Amino acid sequence: MSKYIFIASDFEIPEVDLTNEQIITPIEAKLKGIKPPCFCSWDELDPNSEILYFESEDDMYNLCVRKEENILDDVRFYTDKEFIYQVSCSLDNKRAKQLLDYIKDIKLIKPIELYSILLDEKVDVEYSTVFIDNLNEEIILNIIKTYHSSLIIK
C-alpha cells in the first residue's frame, strides 16, 4: 500500500513544481562542478545522457502538484470530481505552508477537496470542511500526515 495525496476539483487548477528539478547532461554537470557518481566519471557517461539534478537535497521534497491523466480506481472510490491532481511533498510544516499558499492562490469557483489515502485500501474517510479564510498550516498538515482523511475547502 502506498500513501496518495490528491486534490479533487470540478474545475482545472494550476499545476506547480517547487522542487527546482533540472535535467542536465554530464557536460553541464561537470561545468557546474558537481561531483560525479562513485561508479564512474562524467567523461565515461554518454554526453547526451540526462541527469536529474536539484540545487539542494531539501528541494526534492518541496511541493509538486500535477494533473493526473490516468485516474486510479482507488481515487474514484472517494470522489467523482472531474479533475484530479496528485500532491507530492514531504509531510512537514514547510511543505504544509507551501500547500496552504498554493491553495489560497487558487480562485475557488466551487469547493475543492484534499485527500490523503492509502491506495488499495478502500475505506471510509473522515471528512471535514473549512472555509478558505480559516484554512491554516496545522489543518493542512493534519490532513496530509494522516490516512483516510479528506478536507473540503470552500
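Only a predicted model underlies this, so the values are computations on that prediction, with no experimental measurement involved. Scope of the values below: all heavy atoms of this structure, side chains included, with no hydrogens, waters or symmetry mates.
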Would you say [Y] ends up clustered with [X] if hydrophobic residues are merged whenever their side chains have heavy atoms under 4.5 Å apart, either directly or through other cluster members?
X: I112; Y: I109; result: yes
X: F77; Y: V123; result: yes
X: I143; Y: V125; result: no
X: I13; Y: L63; result: yes
X: L151; Y: I7; result: yes

(request) Determine, stepwise, if the pair I51 / E28 fulfils side chain to side chain contact (heavy atoms under 4.5 Å, CB included). (result) CA-CA 10 Å; I51 301 163; E28 292 168 319; over 6 Å; no

(message) Between D43 and K30 (salt bridge meaning N to carboxylate O under 4.0 Å), is one present in this structure?
(response) yes

(request) Look at the side chain of S116 and the backbone N and O of T146, then say whether any donor-acceptor pair between them is shorter than 3.5 Å. (result) yes

(request) For W42 and L31, indicate whether the former's side chain and the latter's backbone hold a donor-acceptor pair under 3.5 Å. (result) no

The criterion is side chain to side chain contact (heavy atoms under 4.5 Å, CB included); which residues satisfy it with [X], sequence neighbours excluded?
X: L91; answer: K3, I5, I144, K145
X: S2; answer: L119
X: K67; answer: E12, E15, E69, F83, Y85

(message) Let's go through I153 and I106 carefully: what are the C-alpha distance in whole Å and the side-chain angles of both, what is the deciding distance for side chain to side chain contact (heavy atoms under 4.5 Å, CB included) to 0.1 Å, and is it a yes or a no?
(response) CA-CA 11 Å; I153 304 161; I106 297 171; over 6 Å; no

(message) Out of the candidates D59, D101, D58, only one should pair with K94 under the salt bridge (charged side-chain N to carboxylate O under 4.0 Å, His left out) rule; please name it.
(response) D58

(request) Name all pairs fulfilling the side chain to side chain donor-acceptor pair (under 3.5 Å) condition that reach into residues 74-84, sequence neighbours left out, sorted by first residue then second. (result) D10-K81, T79-E113

(request) Not counting sequence neighbours, list each pair that qualifies as a side chain to side chain donor-acceptor pair (under 3.5 Å) and has a residue in residues 31-41. (result) S41-E44

(message) If you compare all heavy atoms of P47 against all heavy atoms of P26, which two are closest, and at what distance to 0.1 Å?
(response) O-CD, 3.6 Å

(request) Using a 4.5 Å cut-off on heavy atoms from C-beta on, say whether the side chain of K154 contacts that of L108. (result) no

(message) Are the side chains of E126 and S128 in contact, using a 4.5 Å heavy-atom criterion?
(response) no

(request) Please assess Q98 against R95 for the test side chain to side chain contact (heavy atoms under 4.5 Å, CB included), listing each intermediate value before the final yes or no. (result) CA-CA 5 Å; Q98 289 175 347; R95 282 39 175 237; 3.7 Å; yes

Straight-line distance of [X] [atom1] to [Y] [atom2], nearest 0.5 Å:
X: M60; Y: N20; atom1: CE; atom2: CG; result: 12.5 Å
X: I84; Y: N70; atom1: CD1; atom2: CG; result: 12.5 Å
X: L18; Y: C89; atom1: CG; atom2: SG; result: 9.5 Å
X: N134; Y: T129; atom1: CG; atom2: OG1; result: 12.0 Å

(message) Tell me whether D46 at atom CG has more than 12 heavy atoms from other residues, nucleotides or ligands lying less than 6.0 Å away.
(response) yes

(message) Heavy-atom count check: over 12 atoms from other residues, nucleotides or ligands less than 6.0 Å from E21 CD?
(response) yes

(message) Per the ring-ring contact (aromatic ring centres under 6.0 Å, His included) rule, what does the pair list look like for residues 112-154, sequence neighbours excluded?
(response) F6-Y115

(message) Between D17 and T19, is there a side-chain donor-acceptor contact under 3.5 Å, judged purely by atom types and distance?
(response) yes

(message) Apply side chain to side chain contact (heavy atoms under 4.5 Å, CB included) to residues I140 and Y102 and explain how you reach the verdict.
(response) CA-CA 11 Å; I140 296 273; Y102 167 77; over 6 Å; no

